[in-house]
Amino acid sequence: MLVSPSAPALHARLAPADVLVDERRALYRVAVELFVPGTEMSDNLLDHPIVRYEIGRALAGHGDVDLEALHEAAAMDVRDAGIAVASDPAAAERLEAPLRIIAPPGQAPQPLTEADGERFETAIKIVAEGVDLFRRLSPAMAGDLLAHVSMLAVLKAETSGGVVSASSRYVPGIVLIDEPVSPMEVAEALVHEGAHEKFFDFAITREFLDAHAEDAEYFENSWSHARWPLEQTFAAWHAYTCLSQFFLVSDSEQLGPHSLLPKARERAAEIGDWLLAHEHDLLPDARWLLHALAGQVAGAAEEVSTADVSLLATGIREDGKFQVLPDVAYRLTKSGRAVAGRMEERPEIFWLDPDAGWVLNECRHAPVPFELLLANAAEQWQIDVPETRRRLAAALGSLHVFSIIEASE
């Protein structure tokens, strides 16, 4: 399996970094709105890894959203090194969740902070040089991946238990690295973990994996014989693919003793071949990215088929009026897509295409007749009336299926 097309360019075909980050923030805003109606949160607060961790716990049914606790969690000092680096002397307590999740058995990793004086200052200098090196060697990849990294924490070498770098989908946005010796170690870690962070954002906003992935066959790698579930397998393939491309522009740099760069292409190929053989377990956007990074796809990401559109439109009455149900929270995004949610026994979240997002916004205040929606849509979408009618009925159908709108006569 060849590593050929540019990862940043193909990522952007699915969603440019700024669009993807905007969609992720929209999802978290809807989640907070479901738990604490009327709440508005800044981008900075929504990007904080611990805030995202707590919102994720609430979405998974593990408690409510405590706004005071979110603000307290985000009140942690950081140092700007081209990336926000945890510097607060209380960082070990505030970052308890990611430190616990990534800890090797029997280990308790501790972050370096300003309390460590010159040792911390040395690490900060190396991190800043590593960020600069990454941006210099591969500016497109740096811009693409670092957009998804909100914070970095440096682990004291004597406590890390051999963790070279780590991240977790449960606490997205934070990268943890072992105390670095060289800028190249930092740059490689940011490629590796930045690729994971990119994948985490894709996974919650696009069609990558569903609940079936938990029951899919495991992959066993040849180098350590570790067995990985499908999500971890895809994340590893994606990271190794990005590392293999970064290696092509960094071969003049002195690599760290634990560098994966020389092995990345071979490992990406091994994992990628397995994924291609098991692509039936992936959703459309994941399949597209898998093929695209293998140089096998020239067109855009897969679209909903005409048959699916026709099925969605079934039962939509053209003499009806449509309104968003009162318990629905939603946000429109830069891409035109919308994320909507409502609270049942547990929160339910739905991603909607631009047509459905437009209809949702039109019907937010009062019941709107189909004919008025049709006239407004034809003007907005600049297409002929028959095609407008087909797309409008499909959008209404998808909203009706998800119980986001109600119809009345």
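Note: hydrogens, waters and symmetry copies are ignored here, and every other heavy atom, side chains too, is used. Keep in mind that this is a model prediction, so the values were computed, not measured.
- A ring-centre distance under 6.0 Å is not found for His148 and His11.
- Annotation: Glu214, atom CD; neighbour count of heavy atoms from other residues, nucleotides and ligands within 6.0 Å does not exceed 12.
- In terms of modelled atom types and a separation under 3.5 Å, the side chain of Ser138 and the main chain of Ala140 share no donor-acceptor contact.
- Residue pairs meeting the salt bridge (Lys or Arg N to Asp or Glu O under 4.0 Å) criterion with at least one member in residues 141-161, sequence neighbours excluded, are Asp116-Lys156, Arg119-Glu158, Asp144-Lys198.
- Side-chain atoms of His48 and His71 include no donor-acceptor pair closer than 3.5 Å.
- Side-chain atoms of Arg331 and Glu33, non-hydrogen and from C-beta on, do get closer than 4.5 Å to each other.
- Taking the centre of each ring, Phe134 and Phe246 come in below the 6.0 Å mark.
- Residues satisfying the side chain to side chain contact (heavy atoms under 4.5 Å, CB included) test with Arg135, not counting sequence neighbours, are Val131, Ala142, Leu146.
- For Trp274, the ring-ring contact (aromatic ring centres under 6.0 Å, His included) partners are Phe219, His278, not counting sequence neighbours.
- At a threshold of 4.5 Å between non-hydrogen side-chain atoms, the residues Glu371 and Asp319 do not count as touching.
- For the pair Met76 and Met151, the minimum side-chain heavy-atom distance is below 4.5 Å.
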Requested in this report: Show your working on side-chain contact (heavy atoms from CB on, under 4.5 Å) between Asn221 and Glu270 and close with a plain yes or no.
Outcome: CA-CA 8 Å; Asn221 70 51; Glu270 177 181 330; 4.2 Å; yes

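- Between the side chain of Glu193 and the backbone N or O of Ala189, no donor-acceptor pair lies under 3.5 Å.
- Residues passing the salt bridge (Lys or Arg N to Asp or Glu O under 4.0 Å) test with Glu348 are Arg342, sequence neighbours excluded.
- Between the CG atom of Asp355 and the CZ atom of Arg390 there is a distance of 9.0 Å, given to the nearest 0.5 Å.
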Run Leu67 and Thr39 through side-chain contact (heavy atoms from CB on, under 4.5 Å) and show every step you take.
CA-CA 9 Å; Leu67 292 179; Thr39 300; 3.6 Å; yes

**Asked** Would Arg79 and Glu121 count as a salt bridge (charged side-chain N to carboxylate O under 4.0 Å, His left out) if you check the C-alpha gap in whole Å, the side-chain angles of each, and the deciding distance to 0.1 Å?
**Response** CA-CA 10 Å; Arg79 183 78 67 83; Glu121 299 302 330; 3.0 Å; yes

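- Scanning for salt bridge (Lys or Arg N to Asp or Glu O under 4.0 Å) contacts around Arg169 gives Glu231, with sequence neighbours left out.
- Of the options Lys334, Arg29, Arg206, a salt bridge (charged side-chain N to carboxylate O under 4.0 Å, His left out) to Glu23 is made by Arg206 and by none of the others.
- Within the 3.5 Å criterion, the main-chain N or O of Leu45 finds a donor-acceptor partner in the side chain of Ser42.
- The closest side-chain donor-acceptor pair between Ser87 and Asp77, if any, does not fall under 3.5 angstrom.
- Once rounded to the nearest 0.5 Å, the distance linking CG of Leu396 with CG of Leu360 reads 10.5 Å.
- Pairs of residues two or more places apart, or lying in two chains, that qualify as salt bridge (Lys or Arg N to Asp or Glu O under 4.0 Å) and include a residue from residues 81-96 are Glu96-Arg100.
- Classification of the Phe234-Phe208 ring pair by plane angle, with boundaries at 30° and 60°, yields perpendicular.
- In this structure Glu129 satisfies the salt bridge (Lys or Arg N to Asp or Glu O under 4.0 Å) test together with Lys125, sequence neighbours excluded.
- Arg13 places a side-chain heavy atom less than 4.5 Å from the side chain of Trp288.
- The CG atom of Asp66 lies 11.5 Å from the CD1 atom of Ile55; values are rounded to the nearest 0.5 Å.
- In this structure, CG on Leu10 lies 11.5 Å from CG on Leu290, to the nearest 0.5 angstrom.
- Residues passing the salt bridge (Lys or Arg N to Asp or Glu O under 4.0 Å) test with Arg57, sequence neighbours excluded: Glu54.
- Between the side chains of Thr241 and Trp237, at least one donor N or O lies within less than 3.5 Å of an accepting N or O.
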Which atom pairs, donor and acceptor, lie under 3.5 Å between side-chain atoms of residues 58-65 and protein residues at least two apart or in another chain?
none

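- Below 30°, between 30° and 60°, or above 60°: for His192 and Tyr240 the angle between ring planes is between 30° and 60°, a tilted geometry.
- Judged by distance alone, the side chain of Glu406 and the main-chain N or O of Ser403 form no donor-acceptor pair under 3.5 Å.
- In this structure, Ser167 and Ile174 have side chains that are not in contact, with every pair of non-hydrogen atoms separated by 4.5 Å or more.
- In this structure, the side chain of Ser259 does not engage the main chain of Leu255 through any donor-acceptor pair within 3.5 Å.
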task = Give the intermediate values and the outcome of side-chain contact (heavy atoms from CB on, under 4.5 Å) for residues Gln323 and Ile405.
result = CA-CA 5 Å; Gln323 183 174 14; Ile405 61 168; over 6 Å; no

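- Going from atom OG of Ser398 over to atom CG of Leu352 covers 6.0 Å, rounded to the nearest 0.5 Å.
- When side chains are defined from C-beta on, Asp285 does not count as touching Leu289, because their heavy atoms never get closer than 4.5 Å.
- Exactly one residue among Asp18, Asp201, Asp43 makes a salt bridge (charged side-chain N to carboxylate O under 4.0 Å, His left out) with Arg25. That residue is Asp43.
- Within a 6.0 Å sphere centred on CZ of Phe35, other residues, nucleotides and ligands contribute more than 12 heavy atoms.
- For His258, the side chain to side chain donor-acceptor pair (under 3.5 Å) test picks out no residue, with sequence neighbours left out.
- For the pair Glu197/Pro49, no side-chain contact is recorded, criterion being any heavy-atom separation below 4.5 Å from C-beta on.
- Of the possible donor and acceptor atoms, one in the side chain of Glu179 sits under 3.5 Å from a partner among the backbone N and O of Ala157.
- Tyr330 and Asn361 form a side-chain donor-acceptor contact under 3.5 Å, judged by distance and modelled atom types alone.
- Contact of the Leu282 side chain with the Leu230 side chain is registered, since non-hydrogen atoms from C-beta on lie closer than 4.5 Å.
- Put simply, the side chain of Ser160 never gets that close to the backbone of Leu155: no donor and acceptor are under 3.5 Å apart.
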| Does the side-chain contact (heavy atoms from CB on, under 4.5 Å) test come out yes or no for Ile83 and Val127, once each step is laid out? | CA-CA 9 Å; Ile83 192 170; Val127 168; 4.1 Å; yes

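- Remark: Leu243 CG to Leu260 CG distance equals 6.5 Å, nearest 0.5 Å.
- Every residue two or more places apart in sequence or in another chain that forms a side chain to side chain contact (heavy atoms under 4.5 Å, CB included) with Ile126 is listed here: Thr122, Pro180, Pro183, Val186.
- Of the possible donor and acceptor atoms, none in the side chain of Arg267 sits under 3.5 Å from a partner among the backbone N and O of Ala264.
- At a cut-off of 3.5 Å, with distance as the only test, no side-chain donor of Tyr218 or Arg227 sits close to an acceptor on the other residue.
- Asp215 meets the side chain to side chain donor-acceptor pair (under 3.5 Å) test with no other residue; sequence neighbours excluded.
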